[in-house]
S.K.: 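Here it is: the structure, laid out below.
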Amino acid sequence: QVQLVESGGGLVQAGGSLRLSCAASGRTFSNYAMGWFRQAPGKGREFVGAISWSGSTTYYAQYVKGRFRISRDNAMNMVYLQMNSLKPEDTAAYYCAARTQRLASSREYEYAYWGQGTQVTVSS
């Protein structure tokens with residue numbers, strides 16, 4: 001069982017930056033790929049990015065590529081989402097998720113564990 005808790009959301013102006021954190025419990029965290037997803041009001045949840053168990057491989061959705069970066073610290077059971085050059089359309093609740101496989105994936109249904117989400121609001 002893995003429990004995930006996100007933090008770091010808030011209100012930021014367009015062009016600004018935020019770093020989201022995801023704290024994971026469980027001794028098997030280092031064996032799991034991790035993903036970040038987001039859900040804007042009235043929309044479905046969408047993939048943002050993912051990182052493999054070792055951190056050697058990352059994937060990003062086209063709409064965040066070059067602006068967002070995922071990293072992880074397996075010793076601390078933490079995953080991070082650095083968000084730069086934020087746009088109003090990035091406004092959403094952001095969720096981290098754990099996949100019980102080592103390889104990263106963009107498919108939401110492949111993630112077994114989810115956090116409660118943290119809200120990011122980008123003002124224009």
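Computed from a predicted model, the values in this text were never measured in an experiment.
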S.K.: Less than 4.5 Å apart, side chain to side chain, heavy atoms only: is that true for E6 and Q116?
M.R.: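 Yes; the side chains approach each other to less than 4.5 Å.
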S.K.: Is the shortest heavy-atom distance from the side chain of F29 to the side chain of M78 under 4.5 Å?
M.R.: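 Answer no - side chains too far apart.
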S.K.: Taking C-beta and beyond as the side chain, do L20 and W36 meet within less than 4.5 Å on heavy atoms?
M.R.: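 Side chain of L20 against side chain of W36, heavy atoms only: contact under 4.5 Å found.
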S.K.: What's the separation between atom CE in M34 and atom CG in N77, rounded to the nearest 0.5 Å?
M.R.: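 If we round to the nearest 0.5 Å, M34:CE and N77:CG are 9.0 Å apart.
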S.K.: Is the shortest side-chain heavy-atom distance between R69 and L81 below 4.5 Å?
M.R.: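 R69 vs L81: side chains apart.
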S.K.: Are Y95 and L4 close enough that some pair of their side-chain heavy atoms sits under 4.5 Å apart?
M.R.: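 In short, these two side chains do not touch, never coming nearer than 4.5 Å.
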S.K.: Looking at Y32, is R99 sitting on its ring face, NZ or CZ under 6.0 Å from the six-membered ring centre and within 45 degrees of the normal?
M.R.: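 Here R99 fails the 6.0 Å and 45° test against Y32.
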S.K.: Testing the 3.5 Å rule here: is there a donor-acceptor pair between the side chains of Q13 and S123?
M.R.: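 No, S123 and Q13 have no side-chain donor paired with an acceptor closer than 3.5 Å.
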S.K.: When rounded to the nearest 0.5 angstrom, what distance separates OG in S30 from CH2 in W53?
M.R.: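 It is 7.5 Å, given to the nearest 0.5 Å.
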S.K.: Under 3.5 Å, is there a donor-acceptor pair between the side chain of S25 and the main chain of Q3?
M.R.: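 Such a contact is found between S25 side chain and Q3 backbone.
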S.K.: Less than 3.5 Å apart, any donor N or O on the side chain of R38 or Y94 sitting next to an acceptor on the other?
M.R.: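 There is such a pair between these side chains.
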S.K.: Checking F47 against Y60 for the side-chain contact (heavy atoms from CB on, under 4.5 Å) test, could you report, in this order, the C-alpha distance in whole Å, the side-chain angles of both residues, the deciding distance, and whether it holds?
M.R.: CA-CA 8 Å; F47 173 71; Y60 299 95; 5.8 Å; no
S.K.: Assess the residue pair W114 and E108 against the criterion (side-chain contact (heavy atoms from CB on, under 4.5 Å)); give the C-alpha distance rounded to whole Å, side-chain angles, the decisive distance to 0.1 Å, and a yes or no.
M.R.: CA-CA 10 Å; W114 293 81; E108 181 179 344; 3.5 Å; yes
S.K.: Let me confirm one number: the OG-CZ distance from S71 to R19, rounded to the nearest 0.5 Å.
M.R.: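 Nearest 0.5 Å value for the OG-CZ distance: 6.5 Å.
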S.K.: Answer yes or no: is there a side-chain heavy-atom contact under 4.5 Å between L86 and F68?
M.R.: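 Result yes, sub-4.5 Å side-chain heavy-atom pair found.
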S.K.: If hydrophobic clusters are built by linking Ile, Leu, Val, Met, Phe, Trp and Tyr wherever their side-chain heavy atoms come under 4.5 Å apart, do Y80 and I51 end up in the same one?
M.R.: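 The answer is no; the residues belong to distinct hydrophobic clusters.
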S.K.: Would you please classify the geometry between the F37 ring and the Y111 ring as parallel, tilted or perpendicular, with 30° and 60° separating the classes?
M.R.: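 Y111 vs F37 ring planes: perpendicular.
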S.K.: Under a 4.5 Å cut-off applied to non-hydrogen side-chain atoms, are R67 and K87 in contact?
M.R.: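 In contact.
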S.K.: Using modelled atom types only, decide if a donor and an acceptor are shared between the side chain of R72 and the backbone of S52 within a distance under 3.5 Å.
M.R.: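 Such a contact is found between R72 side chain and S52 backbone.
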S.K.: Testing the basics here: between I70 and A50, what is the closest heavy-atom pair and its distance to 0.1 Å?
M.R.: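 So the minimum-distance heavy-atom pair works out to CD1-N, 3.2 Å.
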S.K.: Assigning hydrophobic clusters by single linkage (Ile, Leu, Val, Met, Phe, Trp, Tyr; side-chain heavy-atom cutoff under 4.5 Å), is M83 placed with L11?
M.R.: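 No, it is not one cluster - the side chains of M83 and L11 are not joined through contacts under 4.5 Å.
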S.K.: Tell me if a side-chain donor or acceptor on T118 pairs with a main-chain N or O of S7 at a distance below 3.5 Å.
M.R.: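 Here the side-chain-to-backbone pair does not exist.
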S.K.: Of all the heavy-atom pairs spanning S85 and S17, show the shortest one and how long it is.
M.R.: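 So the two residues come closest at N-OG, 4.3 Å.
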S.K.: Can you confirm whether D90 sits close enough to V120 that some side-chain heavy atom of one is under 4.5 Å from a side-chain heavy atom of the other?
M.R.: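 No, too far: nothing below the 4.5 Å cut-off.
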